[in-house]
*Asks:* 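Before I ask anything, let me first share the structure, which is written out below as structure tokens.
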Amino acid sequence: MDEVEVVVAHQERATLRVGDVFLKIDADPAHAEVEVEAMAMAPIPTADVLWCRPPVLALAALPGTALGRLGEPSPASPAAWAAAGAAARKLHEAPLPPWPWRSRDTLVAELETECERLVADGVLPADLVARNREVAEAALRPWTPVFIHGDFQITHVFVDGDEVTGVLDWSEASRGDGMFDLATLTLGHEEHLADVVAGYGGDVDRDVIRAWWSIRSLLNVRWLAEHGFDPSMPGGEIDVLRSRM
């Protein structure tokens, strides 16, 4: 009998692996429905859906390995990182999905509230928060919505050699800023930003990507700590924030 492997587990979601099958259990049943629909719409490789009975979604394992992990050197080649950038471009050029993303006003309000709490509760130094809030401003500009994955982190992008074999976890897919996907992909791996941009092609504002690094890290530090993750690990979100000083 295959053993049950806990891939990730927290209060909002759990993912289990049994042999070549992944079982995703989400606190919000609607996420499974969004994920199935988003994968059907996406023009890039995704996992095969075996069955979906919200809040549980069963997916077939993807070939290859994840592009890397936050806080660790990526084993993938520069060409593989470029291929991930090319996959993001293909997704961003696809027809828009029906789900809206955060508005700029909503994002600004969330950021201001979280920055105040981080300082007031002594989670992060005031100068670190202030500097990253300043950097974040570059991302808070009008953007043309595109089809974004919404959580395009390296553990969700699978490669075999220099090719992308599939992308996982589509529950946050929406109409949003394409630079957010590129920032999520390269968070903590700034050394591969040039590879991703080369694969993505076109006009990419790297200051906007760096701004999204700051925003994502500022908004995630408390959530990570509250859900059993360590944002202070080497190469993690707090290191990303410190790199902007």
Side-chain angles (χ1 to χ4, degrees), residues 1-10 12-70 72 74-77 79-99 101 146-176 178 180-182 184-187 189 196 199-200 229:
M1 178 179 177
D2 290 317
E3 294 184 352
V4 176
E5 174 191 354
V6 179
V7 179
V8 64
H10 49 76
E12 296 177 6
R13 187 174 303 152
T15 301
L16 311 176
R17 179 170 186 167
V18 184
D20 290 332
V21 176
F22 285 87
L23 299 175
K24 295 188 63 179
I25 307 163
D26 202 298
D28 184 349
H31 285 170
E33 297 173 354
V34 168
E35 186 155 3
V36 170
E37 188 174 349
M39 287 192 291
M41 296 176 63
I44 59 178
T46 65
D48 291 334
V49 177
L50 301 178
W51 49 265
C52 181
R53 301 186 186 99
V56 183
L57 173 63
L59 301 170
L62 286 171
T65 57
L67 195 60
R69 296 181 66 86
L70 187 63
E72 300 176 6
S74 170
S77 68
W81 281 87
R89 165 68 78 172
K90 190 171 184 179
L91 177 65
H92 296 165
E93 291 177 342
L96 291 172
W99 311 288
W101 201 43
V146 297
F147 187 167
I148 66 168
H149 178 276
D151 195 15
F152 201 59
Q153 56 179 290
I154 54 177
T155 54
H156 294 162
V157 180
F158 276 61
V159 295
D160 186 1
D162 298 337
E163 296 184 4
V164 173
T165 57
V167 178
L168 296 172
D169 286 350
W170 290 82
S171 61
E172 296 181 42
S174 64
R175 305 187 299 264
F180 178 76
D181 272 351
L182 299 189
T184 302
L185 179 66
T186 55
L187 182 80
H189 286 275
V196 170
Y200 189 81
F229 302 99

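When a residue number appears, it is its place in the shown sequence, counting from 1. Just the heavy atoms: all of them, side chains too, but no hydrogens, waters or symmetry mates, feed the values below.
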*Asks:* Passes side-chain contact (heavy atoms from CB on, under 4.5 Å), Phe180 versus Trp101? Steps please.
*Replies:* CA-CA 11 Å; Phe180 178 76; Trp101 201 43; 3.6 Å; yes

*Asks:* Using the side-chain contact (heavy atoms from CB on, under 4.5 Å) definition, which of the options Val34, Leu59, Asp48 pairs with Met39?
*Replies:*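 Answer to the side-chain contact (heavy atoms from CB on, under 4.5 Å) test with Met39 among Val34, Leu59, Asp48: Leu59.
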
*Asks:* Please determine, by modelled atom types, if Asp181 and His149 share a side-chain donor-acceptor pair under 3.5 angstrom.
*Replies:*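 No.
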
*Asks:* I'd like to know if the side chain of Arg17 reaches the main chain of Gly19, judged simply by a donor and an acceptor atom lying under 3.5 Å from each other, with no hydrogens or angles considered.
*Replies:*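 Yes; judged by distance alone, with no hydrogens or angles, the pair exists.
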
*Asks:* Go through the steps for Asp28 and Arg13 under the test salt bridge (charged side-chain N to carboxylate O under 4.0 Å, His left out), then give the verdict.
*Replies:* CA-CA 9 Å; Asp28 184 349; Arg13 187 174 303 152; over 6 Å; no

*Asks:* Between Leu187 and Gln153, is there a side-chain heavy-atom distance shorter than 4.5 Å?
*Replies:*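 No. Closest side-chain heavy atoms not under 4.5 Å.
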
*Asks:* Atom CG in Leu91, atom CD1 in Ile148: separation rounded to 0.5 Å?
*Replies:*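 If I round to the nearest 0.5 Å, the distance is 8.5 Å.
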
*Asks:* With rounding to the nearest 0.5 Å, note down the distance linking CG in Asp169 to NE2 in His156.
*Replies:*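 Reported value, rounded in 0.5 Å steps: 3.5 Å.
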
*Asks:* Does Glu37 reach the side chain of Glu33, with side-chain heavy atoms less than 4.5 Å apart?
*Replies:*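 No; the side chains remain at least 4.5 Å from each other.
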
*Asks:* Give a yes or no on this: more than 12 heavy atoms of other residues, nucleotides or ligands lie within 6.0 Å of atom CD of Glu12.
*Replies:*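 More than 12 within 6.0 Å, yes.
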
*Asks:* Determine the minimum heavy-atom distance between Ile44 and Ala87, stating which atoms define it.
*Replies:*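 Looking at all heavy atoms of both residues, the shortest contact is CG2-O, 3.5 Å.
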
*Asks:* Of all heavy-atom pairs between Trp170 and Ala42, which one has the smallest distance, and what is that distance?
*Replies:*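 So the two residues come closest at CH2-CB, 3.6 Å.
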
*Asks:* For side-chain contact (heavy atoms from CB on, under 4.5 Å), just list the numbers for Val164 and Leu67, CA-CA rounded to whole Å, side-chain angles, deciding distance to a tenth of an Å, and then say yes or no.
*Replies:* CA-CA 9 Å; Val164 173; Leu67 195 60; over 6 Å; no

*Asks:* Would you name the heavy atoms of Pro54 and Pro29 that are closest together and state the gap between them?
*Replies:*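 Nearest pair, atom of Pro54 first, then Pro29: CB-O, 3.7 Å.
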
*Asks:* In the structure I gave you, are the side-chain heavy atoms of Phe229 and Val8 within less than 4.5 Å of one another anywhere?
*Replies:*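 SC-SC contact between Phe229 and Val8 confirmed.
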
*Asks:* Report the C-alpha separation of Leu57 and Phe22 in whole Å, then their side-chain angles, then the decisive distance to 0.1 Å, and conclude whether the side-chain contact (heavy atoms from CB on, under 4.5 Å) test is met.
*Replies:* CA-CA 8 Å; Leu57 173 63; Phe22 285 87; over 6 Å; no

*Asks:* Show the numbers, then the answer: is there a side-chain contact (heavy atoms from CB on, under 4.5 Å) between Val6 and Leu16?
*Replies:* CA-CA 5 Å; Val6 179; Leu16 311 176; 3.9 Å; yes

*Asks:* Please check if the side chain of Thr15 supplies one atom and the backbone of Val7 the other of a donor-acceptor pair under 3.5 Å.
*Replies:*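 Pair absent, no side-chain N/O of Thr15 close to backbone of Val7.
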
*Asks:* Determine the minimum heavy-atom distance between Ala38 and Trp99, stating which atoms define it.
*Replies:*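 Heavy atoms only, the tightest pair is N-CH2, 3.7 Å.
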
*Asks:* Classify the ring geometry of His189 against Trp81: parallel below 30°, tilted from 30° to 60°, perpendicular beyond 60°.
*Replies:*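 Tilted.
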
*Asks:* Rounded to the nearest 0.5 Å, how far apart are OG of Ser174 and CG of Asp151?
*Replies:*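 Going from the OG atom of Ser174 to the CG atom of Asp151 covers 11.0 Å.
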
*Asks:* Measure across Phe147 and Ala173 and return the closest heavy-atom pair with its distance rounded to 0.1 Å.
*Replies:*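 What the structure gives for the nearest pair is CE2-CB, 4.0 Å.
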
*Asks:* Does the pair Glu35/Lys24 count as a salt bridge with the N-to-O cut at 4.0 Å?
*Replies:*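 Yes, Glu35 and Lys24 are salt-bridged.
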
*Asks:* Show the nearest heavy-atom pair for residues Pro43 and Lys90, with the distance to one decimal.
*Replies:*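 Minimum heavy-atom contact is O-CE, 3.3 Å.
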
*Asks:* Distance from His31 atom NE2 to Ile25 atom CD1, nearest 0.5 Å?
*Replies:*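 These two atoms lie 15.0 Å from each other.
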
*Asks:* Taking Arg175 for its side chain and Pro97 for its backbone only, find out whether a donor-acceptor pair lies under 3.5 Å.
*Replies:*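 Present.
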
*Asks:* Whether the Asp160 and Thr165 side chains hold a donor-acceptor pair (N or O, under 3.5 Å, no angle test) is what I'd like checked.
*Replies:*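 Absent: no donor and acceptor within the cut-off.
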
